[in-house]
Amino acid sequence: MKPMGSKKRIVVLISGNGSNLQALIDAVEQGLISGQIVGVISNKSTAFGLQRAQSAGIENKTLSYAPFAAAESSRSAYDTELAKLVGSYQPDLIVLAGFMRILSGSFLDCFKDKVINLHPALPGAYPGINAIARAWADYEAGLTQTTGVMVHYVIPEVDAGPVIAQACVAMNSCQTLGELADRMHEVEHELIVEVVKTLCQK
């Protein structure tokens with residue numbers, strides 16, 4: 001049982017570089033977020049974000065999908081085990097920051113209204129992987145001028161949960177996909193920090 005007035009407990013799930021995790025770590029250290037990151041979990045042992053957590057003195061663990069792949073209900077089995085691991089930290093908020101697995105009800109039902117995801121697209125646009133590259137391809141084809149970033153509550157449908165916050169990014173100031181990606185990451189860092197800051201104040 002957490003004492004009244006204690007800082008919100010945050011668990012971050014990652015799969016890769018962890019630049020958004022770093023933005024959250026920095027914001028917590030600077031006192032911008034009235035919460036504490038109590039655990040970082042990755043589905044990939046090679047994720048650089050685990051080193052970021054280690055450097056910040058945050059407990060970090062890997063739960064690979066590989067041992068579950070042969071199971072008859074492999075996805076459910078993995079999500080159930082992940083829920084146990086995440087639950088051991090007694091989280092108030094779970095942040096998916098580049099976590100490249102789709103979570104099922106086996107996980108989400110354990111953490112009602114506690115799981116949020118950062119996605120590099122606006123609501124209804126480019127769900128799933130490679131969202132930035134797909135937006136850039138549409139820009140080059142003259143189909144769009146704008147993309148963006150959103151943070152939303154997670155539901156079983158991919159990138160379709162209730163939107164908490166969003167920010168638009170104009171693509172006409174970028175000359176290459178790489179420039180757009182850099183700009184998108186800047187906006188991601190700002191938005192995820194702002195949302196987590198707000199949720200930790202509730």
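For clarity, every value in this text was computed on a predicted model and none was experimentally measured.
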Could you measure the distance from the CG atom of Leu13 to the CG atom of Leu82? Nearest 0.5 Å is fine. 5.5 Å
Heavy-atom pair with the smallest gap, counting every atom of Tyr89 and Ile41: CE1-CD1, 4.1 Å
With no hydrogens and no angle check, is any side-chain donor or acceptor of Asn117 less than 3.5 Å from a backbone partner on His152? no
At their closest point, which heavy atom of Ile25 faces which heavy atom of Ala56, and how far apart are they? CG2-CB, 3.8 Å
Thr147 and Ala121 have their tightest heavy-atom pair at OG1-CA, 4.3 Å
Without swapping roles, check the side chain of Lys114 against the backbone of Pro91 for a donor-acceptor pair under 3.5 Å. yes
Are the side chains of Val196 and Ile116 in touch, meaning some heavy atoms are under 4.5 Å apart? yes
Any pair with a residue in residues 108-135 that passes ring pair (Phe, Tyr, Trp, His ring centres under 6.0 Å), sequence neighbours left out, goes on the list, sorted by first then second residue, please. Phe107-Phe111
Using a distance-only test with no angle check, is there a side-chain donor-acceptor pair under 3.5 angstrom linking His185 and Ser19? no
Strictly distance-based, threshold 3.5 Å: is any side-chain N or O of Thr176 a donor or acceptor partner for the main-chain N or O of Glu179? yes
For the residue pair Cys200 and Gly35, what are the closest heavy atoms and their distance? SG-CA, 4.2 Å
Does a sphere of radius 6.0 Å around CD in Glu186 hold more than 12 heavy atoms from other residues, nucleotides or ligands, not counting ones at 6.0 Å or beyond? yes
CD/Glu81 to CZ/Phe68 distance, rounded to the nearest 0.5 angstrom? 5.0 Å
Does Val12 share a hydrophobic cluster with Val28, counting links as ILVMFWY side-chain heavy atoms below 4.5 Å and allowing steps through other members? yes
Let me check something: do Val195 and Val40 share a hydrophobic cluster, defined by ILVMFWY side-chain heavy atoms less than 4.5 Å apart, either directly or through other members? yes
When you group the ILVMFWY residues by side-chain heavy-atom contacts below 4.5 Å and let the links chain together, are Val193 and Ile164 in the same group? yes
So side chain to side chain donor-acceptor pair (under 3.5 Å) across residues 192-202, not counting sequence neighbours, yields none
Reference residue Arg134; test side-chain contact (heavy atoms from CB on, under 4.5 Å); the match among Asp138, Ile132, Asn130: Asn130
Donor-acceptor pair, Ser55 side chain versus Gln51 backbone, under 3.5 Å? yes
Ser73 backbone acceptor or donor facing Ser76 side chain under 3.5 Å: no
Beyond-backbone contact of Thr144 with Met171, side-chain heavy atoms, under 4.5 angstrom: yes
Please check: side-chain N/O of Arg52 versus main-chain N/O of Gly18, any donor-acceptor pairing under 3.5 Å? yes
When hydrophobic residues are tied together by side-chain contacts of less than 4.5 Å, even through go-betweens, does Val86 share a cluster with Leu50? no
Mind checking the CD1-CG spacing from Ile94 to Leu103? Nearest 0.5 Å is all I need. 9.0 Å
Report yes if the side chains of Ile10 and Val38 come closer than 4.5 Å at any heavy-atom pair, otherwise no. no
Can you get from Leu118 to Ile33 by hopping between Ile, Leu, Val, Met, Phe, Trp and Tyr side chains that sit under 4.5 Å apart? yes
Quick one: pull up CG in Leu191 and CD in Gln166 and give me the separation to the nearest 0.5 Å. 9.0 Å
Answer yes or no: are there more than 12 heavy-atom neighbours, outside Lys44 itself, under 6.0 Å from its atom NZ? no
Please test Gln145 against Asn172 for side-chain contact (heavy atoms from CB on, under 4.5 Å), starting from the C-alpha separation and ending with a verdict. CA-CA 7 Å; Gln145 296 288 313; Asn172 56 13; 4.0 Å; yes
Identify whether NZ of Lys or CZ of Arg in Arg101 sits under 6.0 Å from the centre of the six-membered ring of Tyr65 and within 45° of that ring's axis. yes
At their closest point, which heavy atom of Val163 faces which heavy atom of Pro123, and how far apart are they? CG2-CG, 3.6 Å
Are a donor atom and an acceptor atom from the side chains of Asp26 and Gln30 found within less than 3.5 Å of each other? no
Within a reach of under 6.0 Å around CG of Leu143, are more than 12 heavy atoms found that belong to other residues, nucleotides or ligands? yes
Let me see the working for Ser42 and Asn60 under side-chain contact (heavy atoms from CB on, under 4.5 Å), right down to the final yes or no. CA-CA 8 Å; Ser42 177; Asn60 57 94; over 6 Å; no
Between Asn17 and Phe48, is the side-chain contact (heavy atoms from CB on, under 4.5 Å) condition met? List the steps. CA-CA 5 Å; Asn17 179 55; Phe48 183 68; 3.5 Å; yes
Could you walk me through whether Tyr78 and Ser106 pass the side-chain contact (heavy atoms from CB on, under 4.5 Å) test, one step at a time? CA-CA 9 Å; Tyr78 178 86; Ser106 299; over 6 Å; no
CD on Gln36 to CG on Asp92, rounded to 0.5 Å: 9.0 Å
Answer yes or no: is there a side-chain heavy-atom contact under 4.5 Å between Leu93 and Arg9? no
Interatomic distance, CG@Leu96 vs CD1@Ile102, rounded to 0.5 Å, equals 11.5 Å
Here the pair of heavy atoms bringing Ser64 nearest to Pro67 is O-CD, 3.3 Å
